[in-house]
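Reviewing the structure listed below.
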2 protein chains.
Amino acid sequence: MTAYDAAMTEGLRLSVDRRSPVPLYHQVATQLADAIDAGTLAAGTKLDNEIALADRLGLSRPTMRKAIEELVGKGLLVRKRGVGTQVVHGRVRRELELTSLYDDLSAAGKRPRTAVLLNRVEPAPAEVAEELGVAPGTDVRRLERLRRADGAPLAVLRNWLPADLLELEDGELEEHGLYELLRQRGTHLRIARQRIGARGASADEAALLDLRPDHALLTMQRTAYADSGRAVEYGDHCYRPDSYSFEVTVVER
Amino acid sequence: MTAYDAAMTEGLRLSVDRRSPVPLYHQVATQLADAIDAGTLAAGTKLDNEIALADRLGLSRPTMRKAIEELVGKGLLVRKRGVGTQVVHGRVRRELELTSLYDDLSAAGKRPRTAVLLNRVEPAPAEVAEELGVAPGTDVRRLERLRRADGAPLAVLRNWLPADLLELEDGELEEHGLYELLRQRGTHLRIARQRIGARGASADEAALLDLRPDHALLTMQRTAYADSGRAVEYGDHCYRPDSYSFEVTVVER
DNA sequence: TAGTGGTCTAGACCACTGC
DNA sequence: CAGTGGTCTAGACCACTAT
């Protein structure tokens with residue numbers, strides 16, 4: 001029985017580097033996640049208990065615990081009091097993260113192209129002003145872009161940003177994602193609230209996306225906040241549904 | 001200056017009940033969340049530092065910290081090292097949680113009605129077998145339901161569950177949500193992976209949802225796992241997009 | 001330099017599960 | 001009953017930010 005239990009995490013090589021600036025709990029979490037991705041820790045595998053794991057790595061229990069909690073939050077592990085910790089069944093898919101579509105496409109090996117349809121400063125409409133937390137009529141930068149991937153039109157992106165936040169040239173927008181440009185200017189996004197829905201394409205949208213009018217579109221409205229707590233971007237986007245979908249992992253608290 | 005800072009959380013009445021079975025950190029988190037919802041803690045308000053808050057409540061710093069982290073994870077607070085903790089700007093919307101559509105509708109004060117279109121045990125198609133982690137051809141229970149809210153058709157719900165997991169009568173399905181029935185039988189869902197997209201309605205779907213064929217639909221495929229790590233449900237759902245959307249809060253780690 | 005959150009330790013006791 | 005995760009404490013030191 002003990003031999004069977006011991007085999008559960010035997011093939012695992014875990015180690016921590018205390019000189020590294022990376023937090024110990026994150027080093028451990030990353031190694032466990034990699035082992036799960038690689039199949040070294042197969043679905044259903046039961047992990048040793050957290051005290052044994054902590055001892056093996058020379059860590060305190062809270063630190064080991066935090067590593068495990070990180071993976072529970074990502075949906076890779078499940079814990080049950082009195083029972084133990086197991087690797088979740090089922091293959092793992094990429095999670096919805098705070099990235100721009102441009103980043104997503106680059107990561108997926110596609111070649112994103114951007115056409116800037118509109119880029120100007122104008123007074124904020126009421127709805128946009130409310131989302132950004134500014135007075136109606138305040139100057140905001142309005143963007144409208146068409147995003148292509150490997151040549152095929154994929155999405156129409158409409159964005160509004162506080163005008164005092166940054167200058168944006170068309171050339172930059174064609175070469176980089178919006179979030180990348182924000183990061184370059186020291187604005188780090190921390191929280192985004194998104195609403196995902198569907199509707200039929202307008203005539204304009206249909207023409208841009210090479211669809212017939214009223215064809216189903218996937219839509220997303222997003223308000224993003226910087227670590228200062230300030231609203232930094234409001235976006236109203238629509239996507240060709242044959243080329244794009246959202247993935248979300250929900251974990252019961 | 002100190003008077004100004006002190007005013008930040010002055011109006012707040014926080015307290016903990018050590019006899020309660022509810023964890024202390026969760027008691028505190030709930031009270032803070034309520035204060036944010038109620039506007040007592042307005043957007044942009046800076047909280048006292050975590051040591052001061054812990055002292056005020058007679059808690060240790062880690063416990064107070066865990067309360068704050070819970071709210072950071074929900075997107076209600078933002079922290080910045082060297083600066084402090086602030087209430088996020090912008091109004092708060094309900095988050096996507098591990099609930100069924102039935103629960104959502106009940107909570108929103110709608111009256112959900114369910115028509116059972118199909119409820120039988122049959123061999124699992126390949127795609128379903130893979131999602132549930134069973135051998136193709138294994139017996140699974142297949143459900144097809146039409147969900148109405150306040151009389152208007154809202155969604156077509158198709159589900160597959162391992163047949164050995166539970167018996168389900170049509171009558172039960174008409175009166176209760178699927179997740180509620182699972183809970184009653186001791187199955188607690190812990191993780192769900194969801195893919196959200198859009199497409200045009202088929203002729204059947206259009207008839208059920210009172211739309212024209214090819215009208216835009218919001219779609220969601222979900223695989224849910226119990227705390228045992230086992231896949232418990234695969235669902236393929238479609239929604240009238242004028243009546244339903246998904247809300248997601250994403251927090252940068 | 002003072003103040004903040006970020007990390008880490010070494011214990012303790014409790015609640016739940018399964019045998 | 002033994003073993004597990006869940007909660008909680010009272011410290012410590014460090015990294016980052018603003019002034």
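Only a predicted model underlies this, so the values are computations on that prediction, with no experimental measurement involved. Residue numbers begin at 1 in each chain, while the letters A, B, ... track the order of the sequences.
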* Between Arg141(B) and Glu167(B), is there a salt bridge with N-O shorter than 4.0 Å? -> yes

* Between the side chains of Arg193(B) and Thr223(B), does any donor sit under 3.5 Å from an acceptor? -> no

* Under-4.0 Å salt bridge between Glu174(B) and Arg145(B) -> no

* Structure fact -> Separation of dT4(D) atom C1' from Leu77(A) atom CG, nearest Å, is 15 Å

* Distance, rounded to the nearest Å, where Leu53(A) contributes CG and dG3(D) contributes P -> 16 Å

* Would you mind checking if Arg61(A) and Glu50(A) are paired as a salt bridge, meaning a charged N to carboxylate O distance below 4.0 Å? => yes

* Asked: Rounding to a whole Å, what distance do you find between Lys46(A):NZ and dT17(C):P?
  -> 15 Å

* **Under 4.0 Å protein heavy-atom contacts per nucleotide of nucleotides 14-19 of chain D, with B for base, S for backbone only and - for none** => -BBB--

* Partner of Ile36(B) by side chain to side chain contact (heavy atoms under 4.5 Å, CB included), out of Thr45(B), Leu41(B), Val88(B) -> Leu41(B)

* Report yes or no: do Gln221(B) and Tyr234(B) form a side-chain donor-acceptor pair below 3.5 Å? => no

* May I ask you to decide whether Arg185(B) forms a salt bridge with Glu172(B), counting only side-chain N to carboxylate O separations under 4.0 Å? => yes

* **Any Asn49(B) side-chain nitrogen or oxygen under 4.0 Å from OP1 or OP2 of dT4(C)** => yes

* Asked: Taking NZ, NE, NH1 and NH2 as the nitrogens, is one of them in Glu69(A) or Arg65(A) under 4.0 Å from a carboxylate oxygen of the other?
  -> yes

* What does nucleotides 7-13 of chain D look like as a protein-contact string, B for base, S for sugar-phosphate only, - for none, at under 4.0 angstrom between heavy atoms? -> BSBB-B-

* May I ask you to evaluate whether Thr85(A) reaches the phosphate of dG5(D), defined as a side-chain N or O under 4.0 Å from OP1 or OP2? => yes

